[in-house]
Amino acid sequence: MIETIKKHIAEVQAFSSTKKEEIENFRIKYLGKKGLLNDFFAEFKNVANDQKKEFGQVINSLKKSAEDKVNELKESLESKEETKGIYGDLSRPGEIIPLGSRHPISIVKNKIIDIFLRIGFNVSEGPEIEDDWHNFTALNLPEYHPARDMQDTFFIQTNPDVLLRTHTSSVQVRYMENNKPPIRTISPGRVYRNEAISARSHCFFHQVEGLYVDKGVSFADLKQTLQYFTTEMFGKSKIRLRPSYFPFTEPSAEVDVYWGLETEADYRITKGTGWLEIGGCGMVDPNVLKNCGIDPEEYSGFAFGVGVDRIAMLLHQIPDIRMFSENDVRFLEQFKSVL
Ligand code: PHE
């Protein structure tokens with residue numbers, strides 16, 4: 001019997017738990033009304049007299065061990081619960097908060113905006129759902145003008161006066177209608193064209209268009225502004241203006257930047273020419289100024305437009321425009337370090 005009790009003492013001393021329920025079960029097992037200790041005490045009268053002393057000692061020792069153990073475990077449980085409070089266990093290591101990243105389109109768009117803010121341009125925005133006037137007619141494209149075919153347009157079927165803007169030139173119209181020269185504004189935003197989707201073109205993409213209207217604005221101002229832009233944006237200052245046609249500018253030009261032919265990638269990007277087209281530009285057609293309530297006899301202006309997606313693809317070596325809208329985090333996560 002004494003041996004059994006001694007085993008229990010060892011068991012009690014070895015016991016450990018952080019669970020309230022387990023500790024309570026342990027208490028009941030030894031110290032409860034029908035617990036082992038009471039059983040052992042009841043045995044006392046049957047124990048031979050010469051063993052009574054030792055028996056009493058081990059029983060008391062078991063009782064004390066069990067009591068001490070229960071108190072000790074309860075105390076440590078309580079002190080743990082205290083530190084938990086409403087914030088949980090404050091001593092636990094913090095949880096890692098995943099770092100987000102900007103979308104590459106936003107990164108490039110913000111960079112372009114920043115470059116033009118530095119030379120006195122402001123930022124203007126307008127609706128993506130436009131009317132015919134702001135997207136076409138005011139921009140010198142009357143209803144049956146063949147140049148409307150240049151941009152396949154998403155119209156709302158039941159109302160051809162409602163469409164998704166095909167360029168942010170519509171914002172420039174709105175800006176001219178509501179502001180007097182001098183005007184220096186850039187209009188970043190998403191635009192839509194009914195084009196087949198491929199690695200190089202999408203039915204929606206992003207533009208930043210610029211507009212400068214004041215007395216005596218010349219083509220030289222346009223060229224200098226574009227050169228400033230390419231230098232700041234790409235670190236390349238050599239540009240070329242190729243004659244072109246836009247209904248809303250006259251004269252009009254395509255803007256090419258000399259990218260160079262130093263690496264294999266340069267050859268690939270520029271198709272072996274060294275030159276890369278980045279957008280369109282021109283002097284605002286006097287008709288457009290008139291349509292927007294600005295006297296073309298008094299004022300002149302230039303406008304330009306660049307594609308944000310193309311520039312982002314170029315700067316970050318993104319092979320497929322569709323990646324911008326797939327929302328694959330493995331792609332987006334790569335821009336964590338860029339602001
Ligand atoms: N709006 C033209 C386009 O979307 C770009 C452009 C803007 C061209 C301003 C000339 C001047 O293609």
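Values below: every heavy atom of this structure, side chains too, minus hydrogens, waters and symmetry copies. Ligands are counted one by one from 1 in listed order, and the atoms in each one are counted from 1 as well.
- Atoms of ligand 1 lying under 4.0 Å from any heavy atom of A303, numbered from 1 in the order shown and given with element: 9 (C), 11 (C).
- Proximity of Q172 to ligand 1 is not established, as no heavy-atom distance is less than 4.0 Å.
- An N or O contact shorter than 3.5 Å is missing between T166 and ligand 1 by distance.
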### Message
Show, in sequence, the C-alpha distance, side-chain angles and deciding distance for L226 and C281, and conclude whether the side-chain contact (heavy atoms from CB on, under 4.5 Å) test is met.
### Response
CA-CA 9 Å; L226 290 170; C281 69; 3.9 Å; yes

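- Donor-acceptor pairing under 3.5 Å is recorded for the side chains of H134 and E177.
- Each of the atoms 7 (C), 9 (C), 11 (C) of ligand 1 lies under 4.0 Å from some heavy atom of F304.
- In this structure, K52 has no salt bridge (Lys or Arg N to Asp or Glu O under 4.0 Å) partners at least two apart in sequence or on a different chain.
- Of the heavy atoms in F248, only side-chain atoms (C-beta onward) come closer than 4.0 Å to ligand 1.
- In this structure, CG on D320 lies 6.5 Å from CE on M313, to the nearest 0.5 angstrom.
- With no hydrogens or angles considered, no side-chain donor-acceptor pair links T153 and N194 at under 3.5 Å.
- Counting heavy atoms under 4.0 Å from ligand 1, residue R193 touches it through the side chain alone.
- At a heavy-atom distance under 4.0 Å, no atom of S252 approaches ligand 1.
- Here is the list of ligand 1 atoms found below 4.0 Å of a heavy atom in S169: 1 (N).
- Residues passing the salt bridge (Lys or Arg N to Asp or Glu O under 4.0 Å) test with E250: none are found, sequence neighbours excluded.
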